[in-house]
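I have placed the structure first, in the form of structure tokens, so that the comments after it can refer back to it.
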Amino acid sequence: MYDILIIGGGTAGMTCAITAAQQGARVGVVEKSDHIGGALHWSGGHMSAGGTRRQKEKGIADSVEKHYKDILNITDRTGDLDLIRMAVEEAPHTIDWLDDLGFEFAPECPRIIYGHIPYTEARTHYGVDKAMSIYKVIKPLWDDQVQEGNIELFLNHTLVGLEKIDGRYTTALTDSGRDKVKFQGRHIVMTTGGYGSNPAFFDRKHPGVPLMSSAYPTAMGDGHAVVENAGGAFKYGEFHIPSLGGVELTPGRCNFNTAWANVLTSVYRSPKEIYVNESGRRFMREDEMNADTRERLVAEKSDYKFWAIFDESAIMEKEENGNYNPIMLGETLESIKAESKNENYIWSAPTLEALALKTGLPIENLKSTVLRFNNMTLAQKDEDYGRAYLNNTIEKPPFYALLIHASVLVTFGGMHVDKELQVLDESGKVMEGLYGAGEFLGLGATSGKAFCSGMAITPALSFGRILGKRLASS
Ligand SMILES: Cc1cc2nc3c(=O)[nH]c(=O)nc-3n(C[C@H](O)[C@H](O)[C@H](O)COP(=O)(O)OP(=O)(O)OC[C@H]3O[C@@H](n4cnc5c(N)ncnc54)[C@H](O)[C@@H]3O)c2cc1C
């Protein structure tokens, strides 16, 4: 029997295993895929913390209290306030720990990030290589503990069930494809991640909400399903909000790292386009700064998607600083034009009529929407939505239509835990022996009903460390 059996060797699971093993515990890690690291391989790795050494070095006066207060304001005091408090208290220690390990901060950070409702201080920290910068510094610690025999890793083993002995969860049933294997631990820590890559599970928790996923492929809600079967309580699903900018690369899937539209806020880019719904009508001011407002306006539409309509001059126009800033992140003017020839998620045509035919948007509506927008731009007054950025008419062919989805990077619902991170059942009773950390708890637990920058990955790392330390000595 292991001292600690960890289910899922990703963000939270790795830090839990490392910390426990460093304290001398015997740790078993069951991982369903053929590699460790989980969402670290894809994540943006934006970590928030108030009061870090890095902030002090940069002359940023911040604190746990300010971070906590900001989260309460941003989320309207939703989420689990005990967990949020614990997360922000541990966050600076987590960042300093990474710093000690040689974490390579991006030179410009910490920053205020406007892709979410902004904090009042520059407290979002990230690496030069997104979340892989985290992986790079924790992997050597993991390897040391594996080498010393303190961590035993079982790849390609999927948790399928849990069993109790004498009222305590000590046994995990796994399936390796060839064998059914039982693992035992005095404590079992669930770190199986989210459920954004499982359309059936997502639909059960968010009926009627379309899923266009950019979650890590292993985020299948396996852990949620197993723990729910055992009587665990699922919470915070009602806080679900999507992220803006996904384009559909394969059916039902977007990819935050390879093709993403820069439409989450107009702080970083002035919109040269208009956004229209499936009726070819505008539905919001395209220069809205507040990311949360934008996400909610798209989520009010039952299809969670919209079209950005622009013309050739919009593609060619530079920002005030003289740089091109195309609507697709990381793309060039040429690559956008080339992609439009593939007609996967962006289309172009010599006339608005032809564009409407290609996209299925109603011809007359699209034409009248563009005409009205052009007239309002010439008059420098958006009478419909109050847009202030009115620098471009849309009249120089070819015309473009980019189909943009509200996409799921991270899931808000998760399993209910108490402030000791012990999983609770439907009646609020502790499921003895069972603990949870990371997205298994749901982003709603640590970020309430809004996206707070860095409040998924930092709590995942921190709660993993807290559990590793605590359980190793109990
Ligand atoms: C593209 C992208 C960008 C993001 N950007 C940010 C950001 O900038 N800031 C932020 O705060 N958050 C961000 N997030 C979210 C954040 O990265 C994740 O919430 C966090 O990394 C999840 O950590 P975790 O340990 O819970 O899960 P993971 O790291 O996903 O690990 C879960 C592990 O459990 C394994 N597993 C699953 N089911 C089973 C099973 N049945 N049996 C055994 N093993 C199993 C998986 O294979 C995986 O290895 C982003 C997410 C994505 C996808």
Side-chain angles (χ1 to χ4, degrees), residues 5-17 28-49 87 91 109 113 115-116 124-127 130-135 138 153-162 172-176 181 183 188-198 201 213-227 243 245-246 253-258 260 407-412 414-415 436-443 445-447 451-464 467:
L5 180 63
I6 298 172
I7 314 295
T11 316
M14 281 185 81
T15 54
C16 184
V29 179
V30 172
E31 166 55 52
K32 80 168 169 184
S33 70
D34 61 2
H35 60 275
I36 55 166
L40 288 176
H41 292 279
W42 280 17
S43 175
H46 281 189
M47 301 176 284
S48 61
C109 81
I113 294 293
H116 306 295
T124 301
H125 303 65
Y126 48 93
K130 300 185 179 176
M132 282 309 279
S133 295
I134 303 170
Y135 183 79
I138 64 174
L153 170 66
F154 301 90
L155 292 173
N156 303 307
H157 281 68
T158 301
L159 175 82
V160 292
L162 289 167
L173 313 177
T174 70
D175 189 342
S176 72
V181 187
F183 293 91
I188 298 182
V189 179
M190 298 293 303
T191 49
T192 45
Y195 55 88
S197 288
N198 184 339
F201 190 88
S213 177
S214 32
Y216 198 62
T218 57
M220 296 289 286
D222 297 4
H224 299 89
V226 168
V227 173
S243 296
R253 300 271 333 173
C254 306
N255 189 311
F256 177 70
N257 293 306
T258 57
W260 199 260
S407 178
V408 171
L409 294 168
V410 39
T411 37
F412 277 70
M415 303 314 296
E439 213 176 309
F440 173 76
L441 311 186
L443 181 60
T446 49
S447 191
F451 277 104
C452 293
S453 174
M455 280 305 283
I457 204 160
T458 328
L461 296 164
S462 296
F463 290 178
L467 278 178

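Start at 1 and go down the list; that is how both ligands and their atoms are numbered.
- Where the criterion is an N or O separation shorter than 3.5 Å, residue side chain and backbone included, T458 fails it with respect to ligand 1.
- Of all the heavy atoms of S214, the ones lying under 4.0 Å from any atom of ligand 1 belong exclusively to the backbone.
- The shortest N/O to N/O separation between A39 and ligand 1 falls below 3.5 Å.
- Looking from atom 37 (C) of ligand 1 to the surrounding protein, the closest heavy atom is T192 O, 3.2 Å.
- The closest approach between any non-hydrogen atom of G45 and ligand 1 is below 4.0 Å.
- Every residue meeting the ring pair (Phe, Tyr, Trp, His ring centres under 6.0 Å) condition with F451, not counting sequence neighbours, appears here in chain and number order: H116, F412.
- Residue L409 has no nitrogen or oxygen atom sitting less than 3.5 Å from a nitrogen or oxygen atom of ligand 1, judged on distance alone.
- Checking only distances, T158 never comes within under 3.5 Å of ligand 1, N or O to N or O.
- At under 3.5 Å, not a single nitrogen or oxygen of H35, backbone or side chain, sits near a nitrogen or oxygen of ligand 1.
- Below 4.0 Å from some heavy atom of G454 lie the following atoms of ligand 1, by number and element: 11 (O).
- When each of S43, S453, C109 is paired with Y126, the side chain to side chain contact (heavy atoms under 4.5 Å, CB included) condition holds for C109 and for no other.
- Within the 4.0 Å heavy-atom criterion, the part of M455 lying near ligand 1 is the backbone and not the side chain.
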Quiz item: Could you walk me through whether M14 and I36 pass the side-chain contact (heavy atoms from CB on, under 4.5 Å) check?
Solution: CA-CA 8 Å; M14 281 185 81; I36 55 166; 3.6 Å; yes
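- If you look at L159 next to ligand 1, the close heavy atoms, those under 4.0 Å, come from the backbone and the side chain alike.
- The shell of residues lying under 4.0 angstrom from ligand 1, judged by heavy atoms, includes H157.
- Residue contacts with ligand 1: I457 is placed with a nitrogen or oxygen under 3.5 Å of a nitrogen or oxygen of the ligand (distance criterion only).
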If you look only at distance, which donor and acceptor atoms sit under 3.5 Å apart when one is on a side chain in residues 454-462 and the other is two or more places apart or in another chain?
unit_1 : atom_1 : unit_2 : atom_2 : d
T458   : OG1    : S48    : N      : 3.0
T458   : OG1    : G454   : O      : 2.6
S462   : OG     : T94    : OG1    : 2.7
S462   : OG     : T458   : O      : 3.0

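- In this structure the side chain of N255 reaches within 4.5 angstrom of the side chain of W42, judged on heavy atoms.
- No donor-acceptor contact under 3.5 angstrom links the side chains of T158 and T174, judged on distance only.
- Within the listing of ligand 1, atoms 26 (O) sit less than 4.0 angstrom from a heavy atom of G438.
- Below 3.5 Å of separation, one finds an N or O of E439 facing an N or O of ligand 1.
- For an aromatic pair to be called close, the ring centres must be under 6.0 Å apart, and H41 with H35 satisfies this.
- Counting only N and O atoms by type, the side chains of R253 and S197 include a donor and acceptor under 3.5 Å apart.
- Here's the thing with Y216: none of its N/O atoms is less than 3.5 angstrom from an N/O atom of ligand 1.
- Considering backbone and side-chain atoms alike, W42 places every N or O at 3.5 Å or more from each N or O of ligand 1.
- Some N or O of G44 is nearer than 3.5 Å to an N or O of ligand 1, by distance alone.
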